[in-house]
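Step one of this worksheet: look at the structure below.
Values reported hereafter were calculated over all heavy atoms of this structure, with side chains retained and with hydrogens, waters and symmetry mates removed. When a ligand or atom number is given, it counts from 1 through the structure's own listing order. Only a predicted model underlies this, so the values are computations on that prediction, with no experimental measurement involved.
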Amino acid sequence: MTGSERQFSERLFEEAKNYIPGGVNSPVRAFKSVDMDPIYIRRGKGSKLFDVDGNEYIDYVCSWGPLIFGHSDGRILKKISEFAENGTSFGANTEIEIKLAKLITEIYPSIDLVRMVNSGTEAAMSAIRLSRGFTGKNKIVKFEGCYHGHGDSFLIKAGSGVLTLGIPGSPGVTESTAQDTLIAVFNSIESVEKLIDGNKNQIAAVILEPVMGNAGVIPPDAGFLKKLREITRSENIILIFDEVITGFRVAPGGAQELYDIEPDLTCLGKIIGGGLPVGAYGGRRKYMEYLAPVGPVYQAGTLSGNPLAMAAGYETVSILGAEKVHERLEEKAGLLEDGLRDNMKRLNLSYKINRVGSMMSLFFTEQDVRNFNSALSSDTKLYSKYFREMLKNGIYLAPSQFETAFLSTAHSREDIQKTIEANYNSLSSLM
Ligand code: KE4
């Protein structure tokens, strides 16, 4: 079956709404912006997802990025069950957390020390608190359309679900918090300079996704990251790369390897947990040793460094290094991009595709998408129809124009070919 019958999903969704707000544990899963009830997943295997109605899909969400080897990778499942035999959590130190931390510091030269947490939100929140504590300055700069999780300081002109649902910011974020968050424009160094000039010696940190993934994929313009590095260094502002998506995704050493930039702090997540709950932040020793128990900035977590997540992450990151995964992903993603571009040529369409490695977006706009505003020119109603057509054709995309499609090593050439055909049929049906 390919995504047409969904009675059991519909029944589950009705039931879920009796016990869970909006029936979901994360807003984007409600499928609100694609005008349909969400599907419920029974299982995943390789590049495929199977919903509770028996429909099979080629999955391009990959749990929003973590599953770089696809679903239920035997090597990772084996590692998790091995560790689970010995217990699931101790709230105490374990050897596996050292092994993953060591591996991260070997792959990220900018990271001397790394602290594990349980989500990307926690990583970004903590990196901001550390920056404020270390510098004694209160303000931060973020970029419109970038998403760093649901921490209060970030829910101003954020991306991902905030953008998808058209929430301007979020009630509950106090004025005083919001006033310490300054908003710049991605790929506009001038917008950063203006904020710095207007807030001399008040800015603790600049945080950004070095490749945006939460307004759809938006790569940095040539030289943008370098200029940002230069200006933050000269102004004693901590530069934080939020690599929760791009870390281990666009290159083993993330965007900082791909673009050869050394941030002061890095946030990681997703891939380093192999699909289990995880986040991490790290950087130079002088910053990281300002964290308790060495320094005064407090941050803690019951399940931080959870042995199962560490084991899944360590196995994932170890395989990444050993198997030259990124070259293979680049080749497959390139095939997919070429196929979609050929389709648009044949259909005389000029929608935009942005891609960095195995993260890609098709924007329903004829404008080049270089920042938040140009992403907003996309026709979200058209995306909604496209999403539903692709689902009918057995292709599961992000239920939002403002998210990223991810490939995994489990995506076969046959999957790519099937996706290209489904894209052609879906685009044709929209015309
Ligand atoms: P979590 O707290 O959701 O683990 O991570 C927050 C986060 C931080 N930084 C970046 C760059 C991120 O992309 C995210 C979370 N990504 C979204 C998807 N774009 C999570 C999906 C969801 O909210 O359900």
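The protein atom (non-hydrogen) at minimum distance from atom 9 (N) of ligand 1 is Asp242 OD2, 2.7 Å. Counting protein heavy atoms only, atom 5 (O) of ligand 1 is closest to Gly120 CA, 3.3 Å. In this structure, atom 19 (N) of ligand 1 lies nearest to the protein heavy atom Asn214 OD1, 2.4 Å. Of the protein's heavy atoms, Gly149 N, 3.8 Å lies nearest to atom 7 (C) of ligand 1. Looking only at heavy atoms of the protein, atom 10 (C) of ligand 1 is closest to Tyr147 O, 3.3 Å.
In the vicinity of Ser26, heavy-atom distances shorter than 4.0 Å reach the ligand 1 atoms 22 (C), 23 (O), 24 (O). Ligand 1 places these atoms under 4.0 Å from at least one heavy atom of Glu403: 18 (C), 19 (N). Counting atoms of ligand 1 from 1 in the listed order, those under 4.0 Å from a heavy atom of Ile245 are 13 (O). Listed by atom number, the atoms of ligand 1 under 4.0 Å from Glu209 heavy atoms are 11 (C). Atoms of ligand 1 lying under 4.0 Å from any heavy atom of Ser119, numbered from 1 in the order shown and given with element: 2 (O), 4 (O). Atoms of ligand 1 lying under 4.0 Å from any heavy atom of Ser160, numbered from 1 in the order shown and given with element: 17 (C), 18 (C), 19 (N). Taking a cut-off of under 4.0 Å to the non-hydrogen atoms of Thr121, the atoms of ligand 1 that pass are 1 (P), 2 (O), 5 (O), 6 (C).
Note on ring orientation: taking the six-membered ring where Trp is involved, the planes of Tyr40 and Phe13 are tilted (angle from 30° to 60°).
A salt bridge links Lys352 with Asp368: at least one charged nitrogen is closer than 4.0 Å to a carboxylate oxygen.
Remark: Arg42 fails to qualify as a cation-pi partner of Phe50 under the 6.0 Å distance and 45° angle criteria applied to the six-membered ring. Relative to the ring axis of Phe69, Arg75 places its NZ or CZ within 45° and under 6.0 Å from the centre.
Contact annotation: Gly213 has no heavy atom less than 4.0 Å from any atom of ligand 1.
Checked against side chain to side chain contact (heavy atoms under 4.5 Å, CB included), Thr121 has the following partners two or more places apart in sequence or in another chain: Ser119, Met125, His150.
Of the heavy atoms in Arg29, none comes closer than 4.0 Å to ligand 1. Residue contacts with ligand 1, taken as heavy atom pairs separated by less than 4.0 Å, involve Val28 solely via side-chain atoms from C-beta onward.
The shortest N/O to N/O separation between Lys270 and ligand 1 falls below 3.5 Å.
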